[in-house]
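First the structure, in the form of structure tokens, and then the observations on it.
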Amino acid sequence: MGQYNYKKTEKKWAEKWVRDKTFTPDLSGAKNPYYALFMFPYPSAEGLHIGNFYAFTCVDVMAKYKKLQGFDVFEPIGFDAFGLHSENYALTIGETPRKMLRRTEENFRKQLKMAGLGCDWTREVDTANPNYYKWTQWIFTKLFERGLAVRKESLVHWCPGCKTVLADEQIENGVCERCGSISEKKKMKQWFFKITDYAQRILDGLNEMDWSEITKAAQKNWIGRSEGAIIKFEVQPPNIDTSAQFGEVEPQYIEVFTTRPDTLFGVTYFVLSPEHNLVRQFTTDEQREEVEKYIKDTASKSDLDRMESKEKTGVFTGAYVINPVNNEKIPVWVADYVLMGYGTGAIMAVPAHDERDWEFAKKYDLPIKKVVEPPALLRIPRNIEDIAAGAKEEIKIEAEYWSAEGVNINSEFLNGLATDEAKKKMTEWLKEKNLGRANINYKLRDWCISRQRYWGPPIPVIYCEKCGIVSVPEKDLPVLLPDLEKEWEPAGDGKGPLSKVDSFVKTECPKCGKPAKRETDVMDNFLDSAWYYYRYLSPENGEEIFDKKIGDKWLPVDFYVGGNEHAVLHLMYTRFITMLLRDLDVVDFDNPFKRFRANGMILKDGKKMSKSKGNVVNPEEYGEKVGYDALKSYLLFLGPFEENRSFSDEGILGTMRWVDKIYRLKDKVKESAKDGNKVLRNLHKTIKRVSEDFEGQKYNTAIARLMEMTNVLSAADEISRDTWLKFLALTAPFLPALAEEMWERAGNKSSIFGHKNWPEYDLGFVREDEFELVVQVNGKLRGSITAPRGINEKEAEKKVRAEEKFKKYLENRIIKKTIFVKNRLINFVIDK
RNA sequence: GCUCGGGUGGCGGAAUUGGUAUACGCGCACGACUUAAAAUCGUGUCCCGCAAGGGAUGCGGGUUCAAAUCCCGCCCCAAGCACCA
């Protein structure tokens with residue numbers, strides 16, 4: 001007998017698996033590849049977080065299931081070492097990132113190995129390794145060659161905490177996603193990747209992808225496609241030179257983007273964003289003082305301030321534009337509710353049919369001209385009480401004006417047309433007159449990849465007075481990041497720490513050989529992590545980004561799991577980079593992950609975990625307390641893995657007991673034992689259901705089935721060796737250490753994961769020859785009887801009628817109809 | 001405001017996709033073993049009712065022989081985006 005010693009057993013197997021390379025596949029020789037991937041961890045000093053650990057587990061059980069099925073499974077591991085997360089922590093403890101990482105990575109390895117994950121430890125990848133970032137830089141140069149990496153001046157987010165610019169995706173609600181500082185908007189010259197060139201392709205790809213809906217929705221939202229028109233407005237006075245604005249616009253015109261060209265007759269004023277580079281030219285002398293003050297005021301506001309102030313503000317510029325459709329003179333205002341980053345940074349305002357314009361017009365007493373009549377029923381109060389509500393309802397009706405679509409009025413040639421028709425006709429009219437054109441606009445903006453920091457791959461670019469911007473040739477890559485012991489901290493002056501390292505800055509132009517200077521910013525960490533799963537396939541390869549022969553076999557990744565907080569960060573960037581690799585003929589697909597699932601959050605007793613609340617679940621601690629097998633199974637058992645689930649200290653006792661219960665079963669296993677029908681039926685049913693659950697990633701119900709089977713085996717007097725081994729294989733993905741131990745004690749010499757040990761079910765046992773026939777009268781349950789499988793309607797009815805308990809429902813009744821569902825139920829429809 | 005999930009026992013959650021609602025686990029109660037406790041095993045556990053029976057899947061309606069599941073209208077919770085023209 002004895003007590004199960006999970007600590008000893010789990011340690012024994014964790015070490016043995018690594019030593020024996022149980023989970024190290026032969027990448028080039030594999031016949032049946034299955035690539036299981038979890039998100040690239042960064043080796044945080046705090047150690048393994050339960051959320052990551054959980055996501056890893058979701059991948060790991062699938063990997064083990066596939067391994068047991070005979071697949072060659074690759075479940076790689078590496079470290080996202082470069083980047084703000086590591087560097088910021090190094091700053092707080094006053095150590096260089098490299099030194100710190102040596103320690104934290106070691107800790108991370110130890111933790112992951114102890115947890116019994118089936119990782120391949122022989123192909124580790126590290127983004128801070130020159131052998132890796134050479135290829136990160138190579139990707140940059142390829143983008144550069146294609147005109148997809150450009151240096152341009154733009155309004156960017158500046159994080160005063162991290163002392164660097166950041167990409168739009170790295171700002172959440174106006175705040176830095178890394179350090180929580182309020183972001184500032186600055187006009188700066190930075191390096192951008194033109195992800196917007198791929199907006200449509202990224203959007204279109206979503207339709208075909210087997211990814212969590214929530215992730216696809218987030219990407220779709222972020223890309224924010226809208227269809228509309230660009231409309232040109234003539235400028236008054238005509239001496240404003242607009243040629244600097246957009247290349248293709250001849251002077252005297254300014255462009256707007258609108259989704260409602262059908263409302264052009266309703267335009268009563270015009271607005272420029274305060275950051276618009278023509279504002280000053282538009283402003284007349286009388287208005288100059290006021291406009292300058294307004295621009296200054298809004299510039300000092302962060303995005304967060306702007307979001308918080310509900311009240312709209314603005315100033316008249318003194319200038320006018322001409323409405324192309326009716327030659328009306330329209331006043332031009334500056335207002336910060338118009339954003340420079342969207343459309344053209346200018347709008348035509350239609351207060352009658354746009355909520356924001358309506359608010360603004362009300363405040364500044366601008367005219368409101370109605371040009372769309374909403375369908376009549378929209379304006380009829382829904383019930384009498386609403387009329388009684390009086391004033392409130394009036395506001396409601398007013399509100400229904402703006403957004404409503406309907407039929408055009410006061411619009412000359414559009415009168416009587418429905419919104420869709422009117423849009424089309426107006427766009428055509430504008431195009432004919434060369435005053436506008438149909439246009440698709442995206443919210444997505446180019447990816448700003450410059451970071452004024454130390455801990456990242458240097459941007460491989462050289463500035464030469466003669467040759468201009470030159471990218472570093474492939475043969476000279478990598479551009480090594482100098483090992484700085486001092487002064488690697490960010491200065492906050494808009495320049496990276498490398499700008500102070502003379503030996504780094506000074507170089508020669510690769511084209512003309514003259515003295516030149518290196519770019520001193522480093523690249524965004526999200527570029528490092530955008531391609532790591534390609535590198536796993538051949539981490540040592542010095543010739544190419546990865547071994548394509550191996551890639552052909554293993555890519556795209558079969559199964560990927562991670563948090564949805566990366567939906568518009570890593571997961572979108574990596575799709576973009578994959579599209580680039582495809583255009584370079586490196587890969588032959590757009591979507592790198594055949595199946596991606598966003599795992600839900602683990603809550604503690606229904607609440608979000610946080611250090612300040614002191615309710616953080618530490619995997620290492622629970623691994624000690626209840627064992628990793630029990631911990632991992634519990635996390636999966638909590639509920640569907642895409643939803644949030646609540647962890648509780650009592651709940652975990654359940655899986656811990658389950659482990660012990662299985663351990664105790666071993667004493668019932670007898671070579672001579674013959675299983676009863678009940679056990680055999682349950683075994684085969686369990687094989688079937690657990691296999692199906694795995695295919696649909698329904699780990700919670702798979703565990704429930706296995707617990708059920710455990711209960712059946714507990715009730716049996718003895719268990720045959722055959723059934724026992726099959727049962728162990730079924731539990732092995734969830735309880736790998738226990739299963740291995742029991743497997744070994746049952747006399748097996750090699751690992752349970754070493755061969756195709758997943759059992760097959762026998763339909764003969766799954767299909768029982770009797771079933772419970774449900775008896776309903778008028779759809780109400782009246783009981784059930786045991787009936788032979790395959791019984792037909794007539795026989796079933798006869799059998800039911802013979803049964804005493806149903807007589808009172810059926811005697812002397814006229815049966816109008818009988819519904820018979822084979823092998824399930826019979827329902828008699830009678831008069832009441 | 002828009003987009004996307006979700007609302008089922010005391011709790012986490014099942015439900016063959018329209019066919020016995022509440023599987024599995026936690027908790028609780030009782031019993032067995034024990035000098036005792038822990039562990040373990042067994043029994044019970046949606047509500048009303050002695051029973052026959054009736055009622056329950058956020059609320060209100062509909063479709064159907066039959067609805068947690070499909071349709072319409074509302075309420076609530078969570079996530080993401082958010083002055084996106």
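Within every chain, numbering begins at 1; the chains are lettered A, B, ... in the order of the sequence lines, protein sequences first and strands thereafter.
- The nucleotide rU45(B) finds its pairing partner in rG27(B), both defining distances of the Watson-Crick or G-U wobble pair being shorter than 3.5 Å.
- Each of Ile254(A), Val338(A), Val256(A), Ile347(A) was checked for a side chain to side chain contact (heavy atoms under 4.5 Å, CB included) with Leu272(A), and the lone residue meeting it is Ile254(A).
- Taking the P atom of each, rC74(B) and rA23(B) are spaced 35 Å apart, rounded to whole Å.
- With a glycosidic angle no further than 90° from 0, rG9(B) counts as syn.
- Here the options are Phe637(A), Tyr622(A), Tyr54(A), the test is ring-ring contact (aromatic ring centres under 6.0 Å, His included), and the partner is Phe647(A); only Tyr622(A) passes.
- In this structure, Leu706(A) places its CG atom 12 Å from P of rG25(B), rounding to the nearest Å.
- From Cys448(A), atom SG reaches atom CG of Asp168(A) across 8.5 Å, with rounding to the nearest 0.5 Å.
- A 4.5 Å side-chain heavy-atom check between Glu213(A) and Lys216(A) finds at least one atom pair inside the cut-off.
- Aromatic ring pairs are classed by plane angle as parallel below 30°, tilted from 30° to 60° and perpendicular above 60°; the pair Tyr6(A) and Tyr4(A) is tilted.
- Nucleotides rG10(B) and rG62(B) have their P atoms positioned 28 Å apart, rounded to a whole Å.
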*Footprint string (nucleotides 36-56 of chain B, 5' to 3'): B base within contact, S backbone only, - free, heavy atoms under 4.0 Å*: ----SS----------SSSS-

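- Between the P atoms of rU57(B) and rA52(B), the separation comes to 22 Å (whole Å).
- Shown here are the side-chain contact (heavy atoms from CB on, under 4.5 Å) partners of Arg767(A), two or more places apart in sequence or in another chain: Leu763(A), Arg789(A).
- Contact check, Ser226(A) against rA85(B): a side-chain N or O comes under 4.0 Å of OP1 or OP2.
- Between His566(A) atom NE2 and rA79(B) atom P there is a gap of 18 Å when expressed in whole angstrom units.
- Remark: side-chain polar atoms of Asn323(A) are paired, donor with acceptor, to backbone N or O of Leu264(A) under 3.5 angstrom.
- Within the nucleic acid shown, Glu642(A) has no heavy atom closer than 4.0 Å to any nucleic acid atom.
- When the C1' atom of rA85(B) is taken as reference, atom CH2 of Trp358(A) falls 18 Å away, rounded to whole Å.
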So which protein nitrogen or oxygen atoms get under 3.5 Å of nucleotides 1-12 of chain B's nitrogens or oxygens?
residue: rG12(B); atom: O2'; partner: Leu638(A); partner atom: O; Å: 2.9

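- Distance check on atom C1': rG58(B) versus rG53(B) gives 27 Å, rounded to whole Å.
- At the heavy-atom level, Val568(A) lies nowhere under 4.0 Å from the strands shown.
- With a cut-off of 3.5 Å on both pairing distances, the Watson-Crick or G-U wobble partner of rA32(B) is rU40(B).
- What separates CE of Met348(A) from P of rA85(B) is a distance of 12 Å, to the nearest Å.
- Because its NZ or CZ atom is not both nearer than 6.0 Å to the ring centre of Phe360(A) and within 45° of the ring axis, Lys312(A) does not count as a cation-pi partner of that residue.
- Along RNA chain B, the nucleotide closest to Phe828(A) and the one closest to Gly654(A) are compared, and the more 5′ of them pairs with Gly654(A).
- Note that Lys666(A) lies in the cation-pi zone of Tyr663(A), set by a 6.0 Å cut-off to the ring centre and a 45° limit from the axis.
- When heavy atoms are screened at a 4.0 angstrom cut-off, Val829(A) is found touching the sugar-phosphate backbone but no base atom.
- Spacing between rC2(B) and rU22(B) at atom C1', rounded to whole Å, works out to 36 Å.
- Ring geometry for Tyr699(A) against Phe734(A) counts as perpendicular: the plane angle is over 60°, on a 0 to 90° scale with 30° as the lower cut.
- Contacts between residues 692-699 of chain A and RNA chain B, counted as heavy-atom distances below 4.0 Å, involve Lys698(A).
- For the side-chain contact (heavy atoms from CB on, under 4.5 Å) test, residues two or more places apart in sequence or in another chain that qualify with Glu227(A) are Arg225(A), Ile440(A).
- Every residue meeting the side-chain contact (heavy atoms from CB on, under 4.5 Å) condition with Gln776(A), not counting sequence neighbours, appears here in chain and number order: Val774(A), Leu825(A), Asn827(A).
- One atom, NZ of Lys443(A), and another, P of rA82(B), lie 6 Å apart when rounded to the nearest Å.
- You'll find that the side chain of Trp222(A) is closest to rC81(B), out of rA14(B), rU20(B), rC81(B).
- Map Gly224(A) and Glu172(A) each onto its nearest nucleotide of RNA chain B; the residue landing nearer the 5' end is Glu172(A).
- With Trp658(A) as the partner, the side-chain hydrogen bond (donor to acceptor under 3.5 Å, both in side chains) test is satisfied by one option alone out of Thr731(A), Asn711(A), Thr710(A): Thr710(A).
- Distance from the side chain of Arg705(A) is smallest to rA23(B) among rU20(B), rG25(B), rA23(B).
- Base-pair partner of rU20(B): not found among the strands shown (Watson-Crick or G-U wobble, both distances under 3.5 Å).
- Side-chain proximity of Met707(A) to rC24(B), rU16(B), rA66(B): nearest is rC24(B).
- rA38(B) and rC75(B) are spaced 49 Å apart, taking the C1' atom of each and rounding to whole Å.
- Here rU17(B) is in the syn range [glycosidic angle within 90° of 0].
- Rounded to whole Å, the distance from CZ on Phe771(A) to C1' on rU16(B) is 14 Å.
- For Asp336(A), the side-chain atoms get nearest to rC83(B) when compared with the rest of rA23(B), rC83(B), rG19(B).
- Among the protein residues, Ser784(A) comes within range of no part of the nucleic acid, since none of its heavy atoms lies under 4.0 Å from any strand.
- Rounding to whole angstrom units, CD of residue Glu275(A) and P of rC83(B) are separated by 13 Å.
- For the C1' atoms, the distance linking rC26(B) with rA14(B) amounts to 15 Å, nearest Å.
- Using a distance-only test at 3.5 Å, with no hydrogens or angles considered, a donor-acceptor pair links the side chain of Asp357(A) to the main chain of Val350(A).
- Taking the C1' atom of each, rU64(B) and rC70(B) are spaced 10 Å apart, rounded to whole Å.
- Gln776(A) has its CD atom 11 Å from the C1' atom of rG18(B), to the nearest Å.
- Listed for the Arg689(A) side chain is no donor-acceptor partner under 3.5 Å among the backbone atoms of Arg705(A).
- At a threshold of 4.0 angstrom between heavy atoms, the contacts of Asn564(A) with the nucleic acid are absent.
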